[in-house]
Amino acid sequence: MKNKKNYKRQRPEQAQPKVNSDYLREQEADNLFEGRNAVMELLVAEKTVHRIFVKQGEIEGSLRPIVAKAREMGIMIAPVSKDKLDAMSETGKHQGVIALCPPFEYANLTHLLVECTRAGKSPFLIILDKIFDPHNFGAIIRTALASGADGVIIPKRRAVGITAAVVRASAGAAGHLPIVRVSNIAQTVDALKKAGIWVVGADMDGQNVYSANMTGALALVIGNEGEGISRLIKDKCDFLVSLPMEGAVGSLNASVAAGVLMYEVVRRRGVEGI
């Protein structure tokens, strides 16, 4: 394990989060979810679905199990014309099916930390600082779920929330991973640090991630696609990490960089037996 003397605060050997914040709740978001994978994932996750609109005509291919599952769950199936689906669609890629759902229910950060404590595990969280691209957001959610992250934290303002495009890009993972929406990322970072969680920012000027300590209770901060992590949030991070870059490429797409960093956390936790 690396020496922590150059970090801003001393990292405890066994960081167990203290649940003492009252951050933050839910509400809001689009209620149309498009595409066959996204709709099936909603049904598999047993999310509330008011109605499913399908293209009129013969139900074929991967639409059949969607319709069968929906009928089994007592969800109304509404056959409509392709023109109607096109008019409803936000992504233009509905694949003949759109689900009408209640507003997306964001998770509560305090409850999320409580669940980690009950499970006896060190929290692994992803914090997104002003991510605007729904495809990046969706891809990050998908990788976060696959890598075993406990949740994703996003700001309420000046960032994309859960939309049909995000759900589609996440291949339905948004229905399985807690997404927390907070009013103030800086205050949330402070609260996580007080709870014993190490906050690590992804930044080109950071130390090589492969020489950093990426174990224990950890929150990984991923910044905006163009500008990276904001100065305030960067200053609040315990330390910064970067990926080694070769050749003429100066940076990676936010979701790609996030994926590499998340799986380094997975690797290190496996090596350390955490």
Side-chain angles (χ1 to χ4, degrees), residues 1-17 113 116 121-131 133 136-137 139-141 143-144 146-155 159 184-274:
M1 185 174 289
K2 300 291 290 184
N3 191 323
K4 297 297 184 301
K5 65 181 180 180
N6 292 326
Y7 294 161
K8 296 179 182 178
R9 62 188 176 109
Q10 184 176 358
R11 186 173 189 172
E13 290 296 321
Q14 297 292 331
Q16 287 298 326
L113 295 181
C116 289
K121 65 181 299 188
S122 296
F124 175 30
L125 304 171
I126 311 300
I127 301 174
L128 303 184
D129 186 20
K130 300 179 182 177
I131 294 290
D133 188 313
N136 274 338
F137 184 23
I140 290 170
I141 292 172
T143 306
S147 66
D150 296 295
V152 175
I153 300 171
I154 63 173
N184 191 303
I185 289 289
Q187 290 179 5
T188 300
V189 167
D190 289 339
L192 291 174
K193 291 168 70 172
K194 289 178 181 177
I197 296 172
W198 209 244
V199 180
V200 182
D203 187 80
M204 292 176 62
D205 294 327
Q207 66 173 295
N208 189 316
V209 67
Y210 300 118
S211 65
N213 185 348
M214 302 293 284
T215 61
L218 186 144
L220 177 64
V221 184
I222 305 297
N224 174 274
E225 294 91 344
E227 301 174 358
I229 303 173
S230 63
R231 171 55 60 184
L232 175 60
I233 303 304
K234 188 184 297 187
D235 288 343
K236 286 181 175 290
C237 289
D238 289 300
F239 62 97
L240 305 173
V241 294
S242 64
L243 291 168
M245 305 296 297
E246 301 289 343
V249 177
S251 64
L252 294 175
N253 173 279
S255 63
V256 173
V260 176
L261 293 170
M262 281 187 252
Y263 270 92
E264 177 58 12
V265 174
V266 173
R267 187 189 73 84
R268 292 297 295 274
R269 285 187 166 199
V271 169
E272 300 289 337
I274 295 174

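Count residues from 1 along the sequence.
With contacts defined as side-chain heavy-atom distances shorter than 4.5 Å, the pair Val241/Met214 qualifies. Between Pro123 and Leu113, the closest side-chain pair of non-hydrogen atoms falls below 4.5 Å. When side chains are defined from C-beta on, Thr188 does not count as touching Ile127, because their heavy atoms never get closer than 4.5 Å.
From Ile126, atom CD1 reaches atom CG of Leu220 across 4.5 Å, with rounding to the nearest 0.5 Å. Atom CG of Asn213 is separated from atom CH2 of Trp198 by 8.5 Å, given to the nearest 0.5 angstrom. The structure places CD1 of Ile229 at 10.5 Å from CG of Asp235, a figure rounded to the nearest 0.5 Å. Here Leu192 contributes atom CG and Leu125 contributes atom CG; the two are 6.0 Å apart, rounded to the nearest 0.5 Å.
Pairs of residues two or more places apart, or lying in two chains, that qualify as salt bridge (charged side-chain N to carboxylate O under 4.0 Å, His left out) and include a residue from residues 199-215 are Asp203-Lys234.
The shortest heavy-atom contact between Ala212 and Phe239 is CB-CE1, 3.8 Å. Residues Lys130 and Asn224 come closest through the heavy atom pair O-ND2, 2.9 Å. In terms of heavy atoms, Cys237 sits closest to Val200 at SG-C, 4.3 Å. Closest non-hydrogen pair, Ala186 versus Leu232, comes out as CB-CD2, 3.7 Å. The shortest non-hydrogen separation linking Asp150 to Ser122 is OD2-O, 4.0 Å. Summarising the geometry of Gly216 relative to Arg269, their closest heavy-atom pair is O-NH2, 2.8 Å, with the distance given to 0.1 Å.
Ser255 meets the side-chain hydrogen bond (donor to acceptor under 3.5 Å, both in side chains) test with Asn136, Asn253; sequence neighbours excluded. With sequence neighbours left out, Asp190 forms a side-chain hydrogen bond (donor to acceptor under 3.5 Å, both in side chains) with Lys236.
Distance alone, capped at 3.5 Å, is enough to place a donor-acceptor pair between the Asp129 side chain and the Ser230 backbone. Here the side chain of Asp238 pairs a donor or acceptor atom with the backbone of Val199 at under 3.5 angstrom.
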Exercise. For Tyr210 and Leu243, run side-chain contact (heavy atoms from CB on, under 4.5 Å): C-alpha distance rounded to whole Å, both residues' side-chain angles, the deciding distance at 0.1 Å, then the answer.
Key: CA-CA 8 Å; Tyr210 300 118; Leu243 291 168; 4.1 Å; yes
